[in-house]
Colleague: 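Pasting a structure here, questions to come.
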Amino acid sequence: MNDTPLAAGVRHDVHRVEAADSMGLALHLRHAAPAGPARGTVLLVHGATLASGLWDIQVPGYSVLEALAAAGFSAWAVDIRGYARSARLQAPATAYAGREEAVRDIAAALAHARRHDQVEQAVLVGGSWGSITSALLASRDATGIAGLALMAPLHAAVNELWLADLADPADRSRMRTSLGATRFVNREQLLARWDREIPAGRHAARREAEVLEALLADALTCEPGLAPHTFTVPNGTLHDLFEVFSGRPLYPAAALRMPVLLVRGEHDATSTHADAQRLFESIASPDKQYLQIGDAGHFVCAERRADEFQRALIDFAARVLAGTPGAPADHSGGSRTGRPACRQAVPPTRSSVDPKPV
């Protein structure tokens with residue numbers, strides 16, 4: 001971890017937590033917090049490919065962890081087992097780090113963050129596949145979860161773009177058997193998938209070159225012995241994605257009764273508007289919001305409109321954590337009382353394409 005913060009007044013440290021099962025794999029947590037007392041706790045959970053580095057991009061203005069810490073929150077990001085700096089199985093015979101193991105890892109990370117910060121509740125944030133695992137935990141046991149924020153949310157929608165890669169060509173109701181326990185990801189794959197959702201010639205308008213390099217540098221640091229520009233991730237996630245993209249939900253949205261924020265990029269073809277809309281309508285909580293950010297894609301937090309996602313997340317966390325046990329009094333002068341009605345915010349759209357992102 002970089003010991004020199006990009007944001008003034010933000011302190012960084014890292015933590016190791018034991019997974020809550022017999023595998024005994026240690027989990028890596030990044031942590032950023034204000035120099036003084038924090039106004040609340042936020043835990044971020046990554047998706048199927050990029051680990052916690054997606055929440056802590058070391059380019060000014062792009063670290064969600066630092067944005068939260070600069071706004072006064074104690075912000076945490078966990079690497080699920082098998083990812084980045086968390087422990088991994090050596091030569092696994094079958095895919096692992098699927099939703100059930102991830103739920104246990106998130107619960108362990110959440111308990112550690114709450115215990116460290118001496119708070120009873122926190123905001124849980126999940127991105128992409130992490131939206132599935134975070135929502136699954138929240139639907140089963142909302143203890144300690146004051147609010148749930150889902151970036152690029154996935155629930156249950158047939159997605160032919162993804163099924164082309166995941167389904168058995170001879171029987172599309174079954175998953176391919178050749179995917180293996182882990183997979184290699186390299187720079188070319190990541191770049192190609194990201195670029196497909198950006199209109200031709202507009203790459204620089206949507207993404208800073210430094211952001212891509214920073215994400216890769218962080219991922220590659222964890223596995224220096226592999227081929228150049230290559231890292232590995234476990235394939236348990238793909239089994240979960242196959243179910244979701246076949247239209248089968250992995251968590252009951254009606255069991256989500258805490259405040260919920262959904263955020264997706266306009267051009268995201270993995271987290272589609274139709275899926276997000278149905279999820280929004282199915283969530284039982286009367287306190288729910290759906291924000292669509294224009295001219296953005298699946299990696300909205302890593303694109304030029306990342307500040308809009310950061311502001312939405314900070315505002316959500318400030319509102320739902322205000323007055324929770326362990327949170328300091330809010331002396332900002334702004335009103336944070338009451339709960340809003342269900343609402344959606346869909347900004348004007350810009351030119352769009354619908355290619356497959358990571």
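Values below: all heavy atoms of this structure, side chains included; hydrogens, waters and symmetry mates excluded. Here, residue 1 is the first one in the sequence, and each next residue gets the next number.
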Colleague: For S128 and G47, work out which heavy atoms get closest and say how close.
Modeller: CB-CA, 4.4 Å
Colleague: According to salt bridge (Lys or Arg N to Asp or Glu O under 4.0 Å), does anything in residues 173-182 pair up with another residue at least two apart or in another chain? List the pairs.
Modeller: none
Colleague: For L321 versus A146, what's the shortest heavy-atom pair and its separation?
Modeller: CD2-CB, 3.8 Å
Colleague: To the nearest 0.5 angstrom, please state how far the CG atom of L89 sits from the CG atom of L25.
Modeller: 5.0 Å
Colleague: Is the shortest heavy-atom distance from the side chain of H298 to the side chain of R193 under 4.5 Å?
Modeller: no
Colleague: Please determine whether side chain to side chain contact (heavy atoms under 4.5 Å, CB included) holds for the pair V125 and L313, giving the CA-CA distance in whole Å, both sets of side-chain angles, and the decisive distance to 0.1 Å.
Modeller: CA-CA 9 Å; V125 184; L313 181 57; 3.7 Å; yes
Colleague: Quick one: do L50 and H46 satisfy side chain to side chain contact (heavy atoms under 4.5 Å, CB included)? Show the steps, please.
Modeller: CA-CA 7 Å; L50 294 168; H46 62 77; over 6 Å; no
Colleague: Using every non-hydrogen atom in the two residues, find where W129 and A102 come nearest and quote the distance to one decimal.
Modeller: CH2-CB, 3.6 Å
Colleague: Only pairs at least two apart or in different chains count here, so list each ring pair (Phe, Tyr, Trp, His ring centres under 6.0 Å) that has a residue in residues 105-124.
Modeller: H15-H112, H15-H116, H31-H116, W76-H112, W76-H116
Colleague: Got a donor-acceptor contact below 3.5 angstrom from the K288 side chain to the P259 backbone?
Modeller: no
Colleague: Below 4.5 Å, heavy atoms only, C-beta onward: do T182 and V233 meet side chain to side chain?
Modeller: no
Colleague: In the structure I gave you, are the side-chain heavy atoms of T94 and N235 within less than 4.5 Å of one another anywhere?
Modeller: no
Colleague: Output yes when a side-chain donor or acceptor of S86 lies under 3.5 Å from a complementary backbone atom of H28, and no otherwise.
Modeller: yes
Colleague: What's the separation between atom CG in D105 and atom CG in D21, rounded to the nearest 0.5 Å?
Modeller: 7.0 Å
Colleague: What is the distance from atom CZ of R264 to atom NE2 of H273, rounded to the nearest 0.5 Å?
Modeller: 7.5 Å
Colleague: Quick one: closest heavy-atom pair of A84 and A51, and the distance?
Modeller: CB-CB, 3.6 Å
Colleague: What residues, two or more places apart in sequence or in another chain, satisfy salt bridge (Lys or Arg N to Asp or Glu O under 4.0 Å) together with D240?
Modeller: R99
Colleague: Dump the intermediate steps for side chain to side chain contact (heavy atoms under 4.5 Å, CB included) on I106 and R104, then the final yes or no.
Modeller: CA-CA 6 Å; I106 298 166; R104 293 194 289 272; over 6 Å; no
Colleague: Tell me, which pairs form a salt bridge (Lys or Arg N to Asp or Glu O under 4.0 Å) where one or both residues lie in residues 133-144, sequence neighbours left out?
Modeller: E100-R140
Colleague: So which atom in R206 and which in P199 form the shortest heavy-atom distance, rounded to 0.1 Å?
Modeller: NH1-CD, 3.9 Å
Colleague: For side chain to side chain contact (heavy atoms under 4.5 Å, CB included), just list the numbers for D56 and V64, CA-CA rounded to whole Å, side-chain angles, deciding distance to a tenth of an Å, and then say yes or no.
Modeller: CA-CA 6 Å; D56 193 24; V64 179; over 6 Å; no
Colleague: Looking at H203, I'd like to know if its NE2 atom is crowded, meaning that more than 12 non-hydrogen atoms belonging to other residues, nucleotides or ligands lie closer than 6.0 Å.
Modeller: yes
Colleague: Could you check whether any side-chain N or O of E303 sits under 3.5 Å from a backbone N or O of G297, counting only pairs where one atom can act as donor and the other as acceptor?
Modeller: yes
Colleague: Taking only residues two or more places apart in sequence or in another chain, which ones pass salt bridge (Lys or Arg N to Asp or Glu O under 4.0 Å) with R172?
Modeller: E160
Colleague: Rounded to the nearest 0.5 Å, how far apart are OG1 of T143 and CD of Q121?
Modeller: 9.0 Å
Colleague: Could you check whether any side-chain heavy atom of V123 comes within less than 4.5 Å of a side-chain heavy atom of T41, counting everything from C-beta outward?
Modeller: no
Colleague: Counting C-beta onward and ignoring hydrogens, is there a side-chain heavy-atom pair between D295 and H267 closer than 4.5 Å?
Modeller: yes
Colleague: Kindly write out the residues that satisfy side chain to side chain contact (heavy atoms under 4.5 Å, CB included) with N159, not counting sequence neighbours, or none if the list is empty.
Modeller: L161, W162, F245, T272
Colleague: How would you list, by chain and number, every residue that makes a side chain to side chain contact (heavy atoms under 4.5 Å, CB included) with E223, sequence neighbours excluded?
Modeller: R88, L226, F231, T232
Colleague: Could you state the interatomic distance from CD (E188) to CG (L190), rounded to the nearest 0.5 Å?
Modeller: 10.0 Å
Colleague: Would you say the side-chain atoms of D171 pair up with the backbone N or O of S173, donor to acceptor, closer than 3.5 Å?
Modeller: yes
Colleague: Please determine whether residues V158 and L241 belong to a single hydrophobic cluster, defined as Ile, Leu, Val, Met, Phe, Trp and Tyr linked transitively by side-chain heavy-atom distances below 4.5 Å.
Modeller: yes
Colleague: Specify the closest pair of heavy atoms between G82 and Y96, including all atoms of both residues, with the distance to one decimal.
Modeller: CA-OH, 3.4 Å
Colleague: Within the 4.5 Å heavy-atom criterion, are D195 and R207 side-chain neighbours or not?
Modeller: yes
Colleague: Name all residues meeting the salt bridge (Lys or Arg N to Asp or Glu O under 4.0 Å) criterion together with D307; count only those two or more places apart in sequence or in a different chain, and write none if there are none.
Modeller: R311
Colleague: Can you name the side chain to side chain contact (heavy atoms under 4.5 Å, CB included) partners of S52, sequence neighbours left out?
Modeller: R30, A77, D79
Colleague: Could you check if a side-chain atom of L191 sits within less than 4.5 angstrom of a side-chain atom of H229, using non-hydrogen atoms only?
Modeller: no
Colleague: Are D287 and R319 close enough for a salt bridge, meaning some N to O gap below 4.0 Å?
Modeller: yes
Colleague: Main chain of G130, side chain of S134: is a donor-acceptor contact present, judged purely on distance under 3.5 Å?
Modeller: yes
Colleague: Main chain of P228, side chain of T230: is a donor-acceptor contact present, judged purely on distance under 3.5 Å?
Modeller: yes
Colleague: Are any of the side-chain heavy atoms of L291 and L262 separated by less than 4.5 Å?
Modeller: no
Colleague: To the nearest 0.5 Å, tell me how far N186 CG sits from L220 CG.
Modeller: 9.5 Å
Colleague: With distance as the sole criterion, is a donor-acceptor pair present between the side chains of Y62 and E208 under 3.5 Å?
Modeller: yes
Colleague: Sequence neighbours excluded, which residues qualify as side chain to side chain contact (heavy atoms under 4.5 Å, CB included) partners of A302?
Modeller: L54, I57, W194, V211, L215, F299
Colleague: Does the pair E308/R305 count as a salt bridge with the N-to-O cut at 4.0 Å?
Modeller: yes
Colleague: Return the set of residues passing ring pair (Phe, Tyr, Trp, His ring centres under 6.0 Å) with W55 (not counting sequence neighbours), or none when no residue passes.
Modeller: none
Colleague: Tell me whether E120 is salt-bridged to R114, with the criterion being a basic N under 4.0 Å from an acidic carboxylate O.
Modeller: no
Colleague: List the atom pairs, donor and acceptor, that lie under 3.5 Å between side-chain atoms in residues 150-157 and the rest of the protein, sequence neighbours left out.
Modeller:
| unit_1 | atom_1 | unit_2 | atom_2 | d |
| --- | --- | --- | --- | --- |
| H155 | NE2 | Y251 | O | 3.2 |

